[in-house]
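Chain naming here is simple, since letters A, B, ... match the order of the sequence lines and numbering starts at 1 in each.
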Number of protein chains: 2
Amino acid sequence: MLFSSEPLAPLVRKLLNIHPLSPEDRAAVLSLPSIVRQLEHGQYIVREGDVPTHSCLVVSGFAIRHKIMGDGARQIVNVHVAGDMVDLQNSLLKVADHNVQTLTAMEAAFIPRAAILDIAFSRPAVGKALWLETLVEGSIAREWIANVGRRNSLTRVAHLLCEFAYRLDAVGIGKQCNYELPMTQEQIADTVGLTPVHVNRTLKSLDAAGLTTRSRRSVVINDLARLAEVGDFRSIYLHLPQESLAA
Amino acid sequence: MLFSSEPLAPLVRKLLNIHPLSPEDRAAVLSLPSIVRQLEHGQYIVREGDVPTHSCLVVSGFAIRHKIMGDGARQIVNVHVAGDMVDLQNSLLKVADHNVQTLTAMEAAFIPRAAILDIAFSRPAVGKALWLETLVEGSIAREWIANVGRRNSLTRVAHLLCEFAYRLDAVGIGKQCNYELPMTQEQIADTVGLTPVHVNRTLKSLDAAGLTTRSRRSVVINDLARLAEVGDFRSIYLHLPQESLAA
DNA sequence: CGTAGTCTTGAAACTAGTCAATGTTCGTGG
DNA sequence: CCACGAACATTGACTAGTTTCAAGACTACG
């Protein structure tokens, strides 16, 4: 099932999570012009400085957005999963201010930027949902500033694991207490602003405390409430629909 | 001149920086319903958990957005100046995920959230400008993640000073090489994820290197190019109009 | 079965944090 | 107009958390 018949279905699901859409709105989103492509692991989708003409929807797989510092260091500023519009930011602003790269093999749907703007203003509900989607991204970014700026390594990593628990659960990839995270410890390090070595020690101490059980890329959270406590995690900033919060 | 006759003029100026607006669009923005209020230094505008009904425009003065960690630490996630919509985020999303507080005495215009949504979808150019404005904020947030996550103290602080040089210049508050920054070193520390003591030493070493000359709250940048070099600063992420970039 | 990438571990070095005291600035009221 | 107090800035000595360097072990894949 490499090419699904309705590649934009994950986008509809995502937008519905944020804002109600009429059947016509949903149909309009599904019939947006798009080109579906299979991308390999590690492939760049957008590079800083590009002037993109399309936005990219993650149909399946993972992508990251990152910035490279002057000294070569990398900071991952977001991780994207199925249903995420990976570069509304880069597409609507004239010039890309950061890189987008696949984390795994990925199925992507490219939508012309003009089509996005069209639907956003011809169908206010869709426009509002898209806008809210970008606002939620902003909210996550703010939480990451706080995570990286004001929390110690243990709290920081625990927080990230909690965030993935909620986000992956929300889109039906894995359960809150058990999911696959296709990131190396080096990539986690570049996400939380630590070194790979220290991430390794930190993950180990979460395991040692009985909070998580890891093997390879699989994460099992033994006690989400306790991990959230350690990770200073409250899910408000994800702005998920109530069902997920209640779980 | 406490109450200007057209309190929303700074908003028009700001939106024009991002996206062209017709005379009618400008007039429509200026005539948005708003309540102007004088706020004192340190006053909260929105608290995490609030369900705001209005968005707040900074007419004059400064405001900060911040988050409080479980251990009481604070992280400032943005600083706002005249023309900034301080909480489109908080207003459009159901529940505020962070706090907004005045940094100085401030003149604020409160606009009902419904009016914002109305104009955004009845006047696509205004809507696009507002959306782009939130995207630029997101871009700044991503840069801050990188700043706090992957740069050392000297680079971090230098970067912040460069950002203010550009942002304040862009709205006509001070010049790039000389501006007033109404923040204590403690507030700067909470912005860049350091301690006040270390910020003090870092600022001092920027001064000692001849890059800046500070006295009280005034910042003089002796050589912006060199400070940008030290601060690993490139202004793309601010998405300013070309004139400012060329300066 | 070998190789590349990733993970793990230890020891030493360093950046930034903590604690605590002193100095400075500025607004206020006598 | 000066004295006082509060908030803020500055400095030093010490500590802690994280990084760096380096080596070895595991895993997956061809």
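The side-chain contact (heavy atoms from CB on, under 4.5 Å) check on S205(A) picks up L154(A), with sequence neighbours excluded. Under the rule for a side-chain contact (heavy atoms from CB on, under 4.5 Å), the partners of V81(A) that lie at least two apart in sequence or sit in another chain are F62(A), D84(A), L168(A), V171(A), I173(A). Scanning for salt bridge (charged side-chain N to carboxylate O under 4.0 Å, His left out) contacts around R201(B) gives an empty result, with sequence neighbours left out. Applying the side-chain contact (heavy atoms from CB on, under 4.5 Å) test to T134(A) and every residue at least two apart in sequence or in another chain returns L88(A), Q89(A), W131(A), W131(B), T134(B), L135(B). Applying the side-chain contact (heavy atoms from CB on, under 4.5 Å) test to N200(B) and every residue at least two apart in sequence or in another chain returns Q185(B).
Evaluation of the salt bridge (Lys or Arg N to Asp or Glu O under 4.0 Å) test over residues 59-73 of chain B, restricted to residues two or more places apart or in two chains, returns E143(A)-K67(B), R65(B)-E137(B). Here side chain to side chain donor-acceptor pair (under 3.5 Å) pairs that include residues 216-229 of chain A, with residues two or more places apart or in two chains, are T213(A)-N222(A).
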Inset, instruction - Report, as a single string ordered 5' to 3', how protein heavy atoms within less than 4.0 Å touch nucleotides 14-30 of chain D: B base, S sugar-phosphate only, - not at all. - result: ----SBBB------S--
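Closest approach of S34(A) to P7(A), counting heavy atoms only: OG-CG, 4.2 Å.
A donor-acceptor pair shorter than 3.5 Å can be found between the side chains of H198(B) and S153(B).
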Tell me which donor-acceptor pairs under 3.5 Å the side chains of residues 42-50 of chain A have, and how far apart each pair is, sequence neighbours excluded?
{"unit_1": "Q43(A)", "atom_1": "OE1", "unit_2": "E40(A)", "atom_2": "N", "d": "2.8"}
{"unit_1": "D50(A)", "atom_1": "OD2", "unit_2": "R47(A)", "atom_2": "N", "d": "2.9"}

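Looking at L103(B) and Q187(B), their side chains come closer than 4.5 Å, going by heavy atoms from C-beta outward.
Within a heavy-atom distance below 4.0 Å of DNA chain C, the residues of residues 202-211 of chain A found are K204(A).
In the 5' to 3' direction, nucleotides of DNA chain C lying under 4.0 Å from heavy atoms of chain B begin and end at dA16(C) to dC26(C).
To the nearest angstrom, P of dA9(D) lies 4 Å from CD of Q185(B).
Under the 30°/60° scheme for interplanar angles, the aromatic rings of H159(A) and Y237(A) are found to lie parallel.
Defining each end axis of the helix from dC1(C)-dG30(D) to dG30(C)-dC1(D) as the rotation carrying four pairs' C1' atoms onto the next four, with five pairs an end, the two axes are found to diverge by 40° to 10 degrees.
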